[in-house]
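Along the sequence shown, residues carry numbers from 1. Only heavy atoms go into these numbers, but all of them, side chains included; no hydrogens, no water, no symmetry mates.
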Amino acid sequence: MPSAVVLETGLTASTGSSPDALGALKTWVSNLVDGPFPLEVSAPLFWATAPEAVARIQEFRETQYRERLGYLLGPEQLRLESQLQLDARSAHFAVSRNGRMVGALRMTPAPFEFPALAESLSHWEGRFPASVELSRLVVSPEERSALVPPRLLVAASDWAMKAGFVGIVGLCRRAARTVFERYGLTATSETAHVVPMRGPQPYSLMAGTWPELIAATTRMSERLNRPRKNSLAETPSRHHPMEQT
């Protein structure tokens, strides 16, 4: 059995002897440049040790949600956030360009948020004990780069693998499912989950292990590294939302 490691959040995750298979991929993605101002990753950030940095991420998210997705700031959602202490327990990741934050996500050990969002999701509670929950992936609509989501996902996966997790689980809109599949996540079932506090749009519960994520992200990186004319149709953009909403 793998040993346990205490995370900076105060929780534990199982660890094994898996090599840092994301190391070369992380370096590769970080070297991809799409303009005069390269993307900069801040990660991992924890409320216990970097409260001001996490507060800036919260402010960035709230600004985006007030403009487009107000239900994520609704009283039921905020109550759930407080009950589960989601931001306080999570590892946070942010991407900035020229000093301006353009994307963020969080990774949360169990107990997860998704089982509390819908009755159909509650049945999945406890089925991913060694995984980490990916949530609050948001990218500024003014950011045209296709590199923001992979930069965030590679950084978050690199941290989670080193912390001993075996994979990722997360909820996304069904409309964004094919985009998440490009990163190695697959739907746990064909059930359409409706989250009452978020309206009628269906969601999919996605999950993936490191071998699946590494293989898919490597393919994504290869496409991103091709000439622009060959990659526009395949890479995520502002027209292919990658956000978890």
Leu205 backbone acceptor or donor facing Thr188 side chain under 3.5 Å: yes

Only pairs at least two apart or in different chains count here, so list each salt bridge (charged side-chain N to carboxylate O under 4.0 Å, His left out) that has a residue in residues 57-67. Arg61-Asp87

Pair Phe180-Thr186, side chain to side chain contact (heavy atoms under 4.5 Å, CB included): steps then yes or no: CA-CA 8 Å; Phe180 275 83; Thr186 57; over 6 Å; no

Given Val195 and Tyr203, is the side chain to side chain contact (heavy atoms under 4.5 Å, CB included) satisfied, shown in steps? CA-CA 8 Å; Val195 179; Tyr203 284 76; 4.0 Å; yes

Is there a donor-acceptor pair under 3.5 Å between the side chain of Ser82 and the backbone N or O of Leu78? no

Output the distance between atom CZ (Arg151) and atom CZ (Phe93), rounded to the nearest 0.5 Å. 14.0 Å

Worked verdict on Phe112 versus Val169 for side chain to side chain contact (heavy atoms under 4.5 Å, CB included): CA-CA 9 Å; Phe112 300 142; Val169 61; 3.8 Å; yes

Flag the pair Met107 / His92 as yes when at least one side-chain heavy-atom distance between them is below 4.5 Å, and no otherwise. no

Side chain to side chain, Pro141 and Gln64, heavy atoms closer than 4.5 Å: yes

Common cluster, Met206/Val194, ILVMFWY with side-chain heavy-atom separation under 4.5 Å: no

Taking all atoms of both residues into account, what is the closest heavy-atom pair of Leu185 and Gly208, and its distance? CD2-N, 3.5 Å

Tightest non-hydrogen contact, residues Gly184 and Ala216, listed as N-CB, 3.2 Å

Do Glu142 and Ser140 meet the criterion of a side-chain donor-acceptor pair at a distance under 3.5 Å? yes

So, Glu81 and Arg89, do they make that salt bridge, N to O below 4.0 Å? no

Using a 4.5 Å cut-off on heavy atoms from C-beta on, say whether the side chain of Leu171 contacts that of Leu117. yes

Side chains of Tyr183 and Pro150: closer than 4.5 Å at any heavy-atom pair? yes

Just by distance, do the side chain of Ser189 and the backbone of Thr191 share a donor-acceptor pair under 3.5 Å? yes

Looking at Glu113 and Arg136, does any basic side-chain N land under 4.0 Å from a carboxylate oxygen? yes

Taking all heavy atoms of Tyr71 and all of Gln77, pick out the closest pair and write down the distance. O-CB, 3.9 Å

Euclidean distance, Cys172 SG relative to Phe114 CZ, rounded to 0.5 Å: 12.5 Å

Any heavy-atom pair between the side chains of Leu147 and Leu39 that's under 4.5 Å? yes

Any side-chain heavy atom of Phe37 within less than 4.5 Å of one from Arg100? no

Between Thr209 and Glu212, do the side chains contain a donor N or O and an acceptor N or O under 3.5 Å apart? yes

CA sep, side-chain torsions, deciding dist, call: Ile57, Phe60, side chain to side chain contact (heavy atoms under 4.5 Å, CB included): CA-CA 5 Å; Ile57 292 174; Phe60 168 77; 5.5 Å; no

Please name the pair of heavy atoms, one in Val138 and one in Arg68, separated by the smallest distance, quoted to 0.1 Å. CG2-NH2, 3.9 Å

Donor-acceptor list for residues 123-132 side chains, cut-off 3.5 Å, not counting sequence neighbours:
{"from": "Arg127", "atom 1": "NE", "to": "His123", "atom 2": "O", "distance (Å)": "3.1"}
{"from": "Arg127", "atom 1": "NH2", "to": "His123", "atom 2": "O", "distance (Å)": "3.3"}

Is any side-chain heavy atom of Ser157 closer than 4.5 Å to a side-chain heavy atom of Ile168? yes

Strictly by modelled atom types, are Gln83 and Arg79 linked by a side-chain donor-acceptor pair under 3.5 Å? no

To the nearest 0.5 angstrom, please state how far the OH atom of Tyr65 sits from the CG atom of Leu72. 5.0 Å

Test item: Leu153 and Leu134 side chains (from C-beta on) under 4.5 Å apart, heavy atoms: yes

Looking only at heavy atoms, which two atoms of Ala91 and Phe46 are closest? And how far apart? CB-CE2, 3.6 Å

Between Arg97 and Glu40, is there a side-chain N and carboxylate O pair less than 4.0 Å apart? no

Working to the nearest 0.5 Å, report the span between CG of Leu137 and CZ of Arg106. 11.5 Å

Once you round to the nearest 0.5 Å, how far does CG of Leu84 lie from OG1 of Thr108? 9.5 Å

Nearest heavy-atom approach of Arg177 to Ser204 is CD-OG, 3.7 Å

